Number of protein chains: 2
Amino acid sequence: MTQLISQNEDTIVALATPPGIGAISIIRISGPNSFSAIDKIFKGKKPISDSASHTIHYGKIYDQDNEPVDDVLISIFRLPNSYTGEDSIEISTHGSPLIVQKIISLLIDQDVRLAEPGEFTKRAFLNGRIDLAQAEAVADVINSNTEASLRGARNQLDGLLSQKVDQLRELLINTSSLIELELDFAEEDLQFMSLKEILSNIDSIESEIDRLLASYSFGRIIKDGVNVALVGKPNVGKSSLLNYLLKEARAIVSEIPGTTRDIIREELNIDGILFRLFDTAGIRTSVDAIEIEGVNRSREAVQNADIVLFLNDATVGFSSDLYEELTGITEKNRILTAVNKIDIKEIHDERFDVGISAKTGDGIETLFEKLKEKAIGTKIYSEKSAIVSNLRHFNSLKKAKYHLESAKKSINERLTGEFISVDLRNAESSLGEIIGKVTSDDILNNIFAKFCIGK
Amino acid sequence: MTQLISQNEDTIVALATPPGIGAISIIRISGPNSFSAIDKIFKGKKPISDSASHTIHYGKIYDQDNEPVDDVLISIFRLPNSYTGEDSIEISTHGSPLIVQKIISLLIDQDVRLAEPGEFTKRAFLNGRIDLAQAEAVADVINSNTEASLRGARNQLDGLLSQKVDQLRELLINTSSLIELELDFAEEDLQFMSLKEILSNIDSIESEIDRLLASYSFGRIIKDGVNVALVGKPNVGKSSLLNYLLKEARAIVSEIPGTTRDIIREELNIDGILFRLFDTAGIRTSVDAIEIEGVNRSREAVQNADIVLFLNDATVGFSSDLYEELTGITEKNRILTAVNKIDIKEIHDERFDVGISAKTGDGIETLFEKLKEKAIGTKIYSEKSAIVSNLRHFNSLKKAKYHLESAKKSINERLTGEFISVDLRNAESSLGEIIGKVTSDDILNNIFAKFCIGK
């Protein structure tokens with residue numbers, strides 16, 4: 001591991017805590033000059049360069065005129081036992097933007113430069129502390145806004161996906177080694193028995209890839225949330241339902257200061273899955289020019305929705321005409337058909353998935369269950385199984401599957417072993433992209449540019 | 001020192017870094033159960049309870065279902081060597097509000113409670129780590145928005161004011177001891193020689209208090225900034241001047257991410273002193289009903305201003321009538337008289353303090369110097385002298401001065417030593433209020449309620 005640590009990089013600095021006023025701010029430094037730079041502006045009991053890793057030191061930062069800027073705590077992380085794998089420092093200051101700015105400026109005078117977005121995590125990746133899928137999970141962990149998305153991101157950060165990908169890569173490498181070995185020794189081409197074993201290996205790898213690909217819609221929903229279009233004729237109670245749901249959501253807002261997020265008016269968190277509700281004005285084609293714009297927007301909302309919540313009125317019955325129109329715009333299995341006002345009239349019609357009352361709250365729990373079921377399907381992914389939630393990973397898996405299909409085709413067409421071997425190597429390198437074994441600078445820059453500064 | 005540490009308090013927790021998303025968030029715990037509470041939710045190489053002070057430990061926080069919540073770094077501070085003087089922990093987590101919320105909730109399940117605003121600093125004061133003037137300076141340091149205000153707050157935090165107050169208190173205590181000693185031994189009342197010495201002591205203490213009282217207008221301006229009303233007849237170039245000044249101000253905004261404050265349209269930072277500019281529409285009484293409101297508001301701005309920047313037009317000359325009106329509303333020495341458009345016409349009139357051109361920028365540097373001079377006077381307070389910037393301290397000093405005057409009166413009126421002694425003790429206890437030697441719970445609560453949570 002240690003030989004991977006590169007010490008040729010320059011030293012970088014950034015504010016690591018959220019910007020603004022608070023009790024404490026943390027400034028992070030990483031790179032070969034971390035200790036020498038801090039010793040030029042910090043005075044404590046002894047120099048930081050002489051102090052042990054994972055210890056904390058109280059002292060003062062002084063400016064160029066030897067005036068104290070702040071009393072600080074310095075935390076020391078010696079390579080390779082730091083986040084980046086390099087020598088690192090964390091400076092804990094009073095939480096004032098002015099102090100943070102002064103200290104960073106003083107460090108920049110000491111041959112330290114401002115970090116790019118995500119550069120600390122990029123260094124952690126380049127120094128072999130974490131792989132690329134884990135690095136991407138760092139940003140997902142920070143941006144998680146429901147329990148489920150946090151768990152998913154954490155699993156990826158803990159290496160669940162990486163381990164699965166590594167397993168499959170190893171199997172691919174073994175299989176292609178088998179082919180290459182046989183090609184070296186055998187006078188003829190691959191034997192029937194070898195082909196059978198190769199084919200069986202490919203099939204088992206492919207079925208694992210299929211499972212990962214299938215997990216993507218689940219993973220994406222967990223990570224990004226679910227878009228729900230609320231559709232119904234006038235007066236079926238769309239607004240009453242929305243108000244009822246959002247009142248429920250507001251009641252569970254955190255009381256812990258500094259941790260409450262702004263509630264977006266239309267967001268609903270059901271068992272850790274984020275549902276975004278879109279009210280639609282009307283679907284039906286209209287001759288009124290002013291209404292046409294609204295109709296177009298509603299059709300668009302339905303088309304983009306993961307789930308269409310189709311609301312009916314118990315006193316009126318099932319709106320067959322509107323249902324017809326909906327099935328013309330979206331897939332049937334995306335539609336969840338509900339009937340409102342069951343407090344006024346009992347109704348039994350098997351076309352309704354669920355009966356509710358936006359007035360009394362009856363049936364709302366069942367509605368939540370049905371929404372959840374519709375969103376993540378009946379297929380249950382265990383908390384501890386590898387899940388794909390990132391489009392880049394999904395695409396790499398599709399490429400790997402393509403190469404495996406190509407390998408099977410080569411086998412069926414009785415092409416020589418070299419062909420099969422190339423396909424397997426390609427599949428392996430597609431999988432390698434996920435964890436960053438094979439990655440271009442462009443892809444790396446693209447990934448880390450999306451991070452915040454200081455991470 | 002150590003015997004002051006109270007271990008009867010409960011254990012408190014709060015987010016210490018600014019709220020929001022970032023690379024890192026810090027959760028702070030303080031109190032007797034800090035270590036036992038963290039050990040119930042954290043797993044690292046060894047228990048935190050068994051680890052040394054000022055060391056950092058990597059591990060994971062687990063929730064009630066034994067699911068990992070986050071990987072964290074735990075910093076240990078054992079009493080009395082912590083900010084509060086109690087056993088303390090800092091948890092460094094990924095900078096996600098959701099993670100912070102979960103970890104704080106888990107701690108609350110372990111008999112830890114949410115901290116009140118300023119409670120960490122209040123404990124630092126109650127445990128004798130800092131005095132009350134220093135505690136108040138902590139909030140000033142965090143909220144400083146210019147270099148000068150930061151320096152002032154830092155000096156107070158470093159104990160400059162506290163040391164001066166302590167010196168004066170000691171002198172007062174010695175003087176009244178002198179009186180009491182003499183009263184015990186002498187048959188008669190105080191001797192002439194003693195009275196002379198006592199009077200000389202009181203005079204020297206009073207002159208120090210006068211110096212501190214005089215520093216308040218300087219200290220307040222450094223801390224809170226200066227209000228400047230911009231006054232002038234139509235077309236003298238008020239808007240041009242404002243635009244020129246604010247363009248200058250914008251050019252010096254920090255480039256360091258996370259440290260830039262929102263620029264309030266009318267703020268100007270001259271050598272670290274904050275000037276708030278108020279444009280006024282017109283001063284003159286008007287018969288037009290609509291204008292009267294504007295006139296009233298302008299008069300109010302002039303009355304509230306620390307400085308009135310009275311702008312004239314070089315092509316027109318000195319506006320005697322407007323100057324007359326201004327001197328009717330505010331003191332003459334608050335008015336800074338400037339003449340604009342010197343690029344069009346040279347003008348020599350000793351009633352003008354400074355000539356400028358808002359077009360070419362000529363004279364603007366001199367204007368800045370004059371504004372600064374007007375704001376803080378010619379009296380220069382050294383960087384290293386004790387300055388009063390807090391109204392509470394100012395009032396305590398005034399009370400101390402009152403008691404000293406009363407002591408002098410008692411001496412002149414030949415009252416008995418007991419009277420003098422009581423006056424001196426009262427003066428000493430008024431000074432003691434500044435550093436918190438004598439403070440009611442109400443005053444304490446009032447001071448710390450203004451802090452942010454987590455400090």
Side-chain angles (χ1 to χ4, degrees), chain A residues 14-26 28 54-58 67-71 73 75-77 81 90 92 94-102 104-105 114 120 138 141-147 150-151 154 157-158 254-261 383 452-455, chain B residues 14-26 28 54-58 67-71 73 75-77 81 90 92 94-102 104-105 114 120 138 141-147 150-151 154 157-158 254-261 383 452-455:
Chain A
L15 174 67
T17 45
I21 291 178
I24 296 176
S25 289
I26 305 282
R28 190 184 244 185
H54 288 67
T55 59
I56 304 165
H57 303 266
Y58 171 80
E67 287 295 322
V69 175
D70 200 11
D71 5 28
L73 290 171
S75 297
I76 303 176
F77 304 92
N81 297 315
E90 283 177 15
S92 171
H94 282 98
S96 136
L98 188 66
I99 290 175
V100 168
Q101 181 187 323
K102 287 198 73 167
I104 292 181
S105 298
L114 273 183
F120 294 91
V138 169
V141 163
I142 290 173
N143 292 306
S144 295
N145 44 20
T146 68
E147 300 261 330
L150 176 58
R151 260 197 310 269
R154 274 232 50 94
L157 181 57
D158 286 345
S254 160
E255 296 282 327
I256 297 169
T259 66
T260 308
R261 284 156 171 272
E383 294 270 310
C452 59
I453 286 185
K455 187 69 231 179
Chain B
L15 174 67
T17 45
I21 291 178
I24 296 176
S25 289
I26 304 282
R28 193 184 241 185
H54 289 68
T55 58
I56 305 165
H57 302 266
Y58 171 81
E67 288 295 320
V69 176
D70 200 12
D71 6 27
L73 290 171
S75 297
I76 303 175
F77 304 92
N81 297 314
E90 283 177 15
S92 170
H94 282 100
S96 135
L98 188 67
I99 290 175
V100 168
Q101 180 188 322
K102 288 197 73 167
I104 292 180
S105 298
L114 273 183
F120 293 91
V138 169
V141 163
I142 290 173
N143 292 305
S144 295
N145 45 20
T146 68
E147 300 261 330
L150 176 59
R151 258 195 314 267
R154 274 232 51 94
L157 182 58
D158 285 344
S254 160
E255 298 282 327
I256 297 170
T259 66
T260 308
R261 284 158 170 273
E383 295 270 308
C452 60
I453 286 185
K455 188 71 232 180

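Quick caveat, the model's predicted, so the values are computed rather than measured. Chain letters run A, B, ... following the sequence lines, proteins first and then strands; every chain starts at 1.
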What's the shortest heavy-atom distance between [X] and [Y], and which atoms?
X: A/T55; Y: B/I56; result: O-CD1, 3.9 Å
X: B/S144; Y: A/S96; result: O-OG, 4.4 Å
X: B/P18; Y: A/G20; result: CG-O, 3.4 Å

Residue part contacting chain B, namely of [X], when any heavy atom lies under 4.5 Å:
X: A/L73; answer: side chain
X: A/I24; answer: both
X: A/E147; answer: both

Rounding to 0.5 Å, atoms CD1 (A/I26) and CD (B/E90) come to a distance of 7.0 Å

Among B/V138, B/I76, B/D158, who wins on heavy-atom pairs under 4.5 Å with chain A?
B/D158

Heavy atoms only, distances under 4.5 angstrom: which of B/S92, B/G22, B/A23, B/P68 has the most pairs with chain A? Name it, please.
B/A23

B/L157 portion near chain A, given a 4.5 angstrom heavy-atom threshold:
side chain

CA sep, side-chain torsions, deciding dist, call: A/Y58, B/N81, side-chain contact (heavy atoms from CB on, under 4.5 Å):
CA-CA 10 Å; A/Y58 171 80; B/N81 297 314; over 6 Å; no

Tell me, do B/V69 and A/R154 make a side-chain contact under 4.5 Å, heavy atoms counted?
no

